[in-house]
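In what follows, a structure is listed as structure tokens, so that the remarks can point back to it.
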Amino acid sequence: QVQVVESGGGLVQPGGSLRLSCAASGTFFSFNVMAWYRQAPGKQRELVADMTRGGSTNYADSVKGRFTISRDNAKNTVYLQMNSLKAEDTAVYYCNAVLFRAIRYDYWGQGTQVTVSS
């Protein structure tokens, strides 16, 4: 059974930094894609950044230049370094791990709260 666990959220002042971590366990396979999504109150869940096993990355326009995604394939872990945080970055951040084995399997973490406020 695959488990996805995030950590690293919290309260930070505008302009500050946070680093989120996500560990996926329960499989021998390296996930094809690992990603971070977020959902703010009253809004739909949106993609923040993703990274393929080969190292290709994709970022939402709103976080380009401020957030950096990285991963350790051997450990099935993914990180999100968030710098120059803004109030509008406040949301619950979810880790997503995707495995392609004939069909697509999506695994989600429980989410971690990030609050940017003075």
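The basis for the numbers below is simple: all heavy atoms, side chains too, and nothing from hydrogens, waters or symmetry mates.
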### Query
Are V63 and Y93 connected in a single hydrophobic cluster, I mean Ile/Leu/Val/Met/Phe/Trp/Tyr linked by side-chain heavy atoms less than 4.5 Å apart?
yes
#### Entry: P14 to S118 - nearest heavy-atom pair and separation
CD-N, 3.7 Å
### Query
Hey, any chance M82 and Y94 share a hydrophobic cluster, counting ILVMFWY side chains that come within less than 4.5 Å of each other, even indirectly?
no
### Shared hydrophobic cluster for L20 and V12 (ILVMFWY, side-chain gaps under 4.5 Å)
yes
### Query
Hey, does the side chain of N73 reach the backbone of G55 with a donor-acceptor pair shorter than 3.5 angstrom?
no
### Message
Are S25 and V2 packed together at the side-chain level, in the sense that at least one heavy-atom pair is separated by less than 4.5 angstrom?
### Response
no
### Message
So F67 and L85, do their side chains get closer than 4.5 Å, heavy atoms only?
### Response
yes
### Pair D89 + K86: basic N to acidic O under 4.0 Å
no
### Query
So if you build clusters from Ile, Leu, Val, Met, Phe, Trp, Tyr with side-chain heavy-atom gaps below 4.5 Å, do M34 and L99 land together?
yes
### Task
Please round to the nearest 0.5 Å and tell me the distance separating atom OH of Y79 and atom SG of C95.
11.0 Å
### Query
Can you tell me how far the CD atom of E46 sits from the CZ atom of R38, to the nearest 0.5 Å?
4.5 Å
### Residues that R53 engages under salt bridge (charged side-chain N to carboxylate O under 4.0 Å, His left out), provided they are two or more places apart
none
### Summary
d(R19 CZ, L80 CG) to nearest 0.5 Å is 10.0 Å
### Task
Could you tell me which non-hydrogen atom of S21 sits nearest to which non-hydrogen atom of W36, and how far apart they are?
O-CH2, 3.6 Å
### Value rounded to 0.5 Å, distance of CH2 in W108 from CZ in R45
5.0 Å
### Task
Before giving the answer on side-chain contact (heavy atoms from CB on, under 4.5 Å), spell out for E6 and Q110 the whole-Å C-alpha distance, their side-chain angles and the decisive distance to 0.1 Å.
CA-CA 7 Å; E6 306 102 333; Q110 79 288 350; 2.9 Å; yes
### Message
Could you check whether any side-chain heavy atom of N58 comes within less than 4.5 Å of a side-chain heavy atom of L47, counting everything from C-beta outward?
### Response
yes
### Message
So for atom CD, which belongs to E88, do other residues, nucleotides or ligands contribute more than 12 heavy atoms lying within a distance under 6.0 Å?
### Response
yes
### Summary
Shortest non-hydrogen pair, N83 vs S17, comes out as OD1-OG, 2.9 Å
### Cluster check Y37, V92: I/L/V/M/F/W/Y, side chain < 4.5 angstrom
yes
### Query
Should the ring pair Y107 and F31 be called parallel, tilted or perpendicular, given that the plane angle runs from 0 to 90° and is split at 30 and 60?
perpendicular
### Task
Of all the heavy-atom pairs spanning M51 and T57, show the shortest one and how long it is.
CG-CG2, 3.8 Å
### Query
How many angstroms lie between atom OG1 of T52 and atom CG of N32, to the nearest 0.5 angstrom?
9.0 Å
### Message
Testing the basics here: between Q113 and T90, what is the closest heavy-atom pair and its distance to 0.1 Å?
### Response
NE2-CG2, 4.0 Å
### Query
How far apart are the closest heavy atoms of C22 and V4, and which atoms are they?
SG-CG1, 3.4 Å
### Task
Taking side chain to side chain contact (heavy atoms under 4.5 Å, CB included) as the test, write out the residues that go with T68, two or more places apart.
Y59, Q81
### Task
Hey, could you give me the OG1/CG distance between T115 and L11, rounded to the nearest 0.5 Å?
6.0 Å
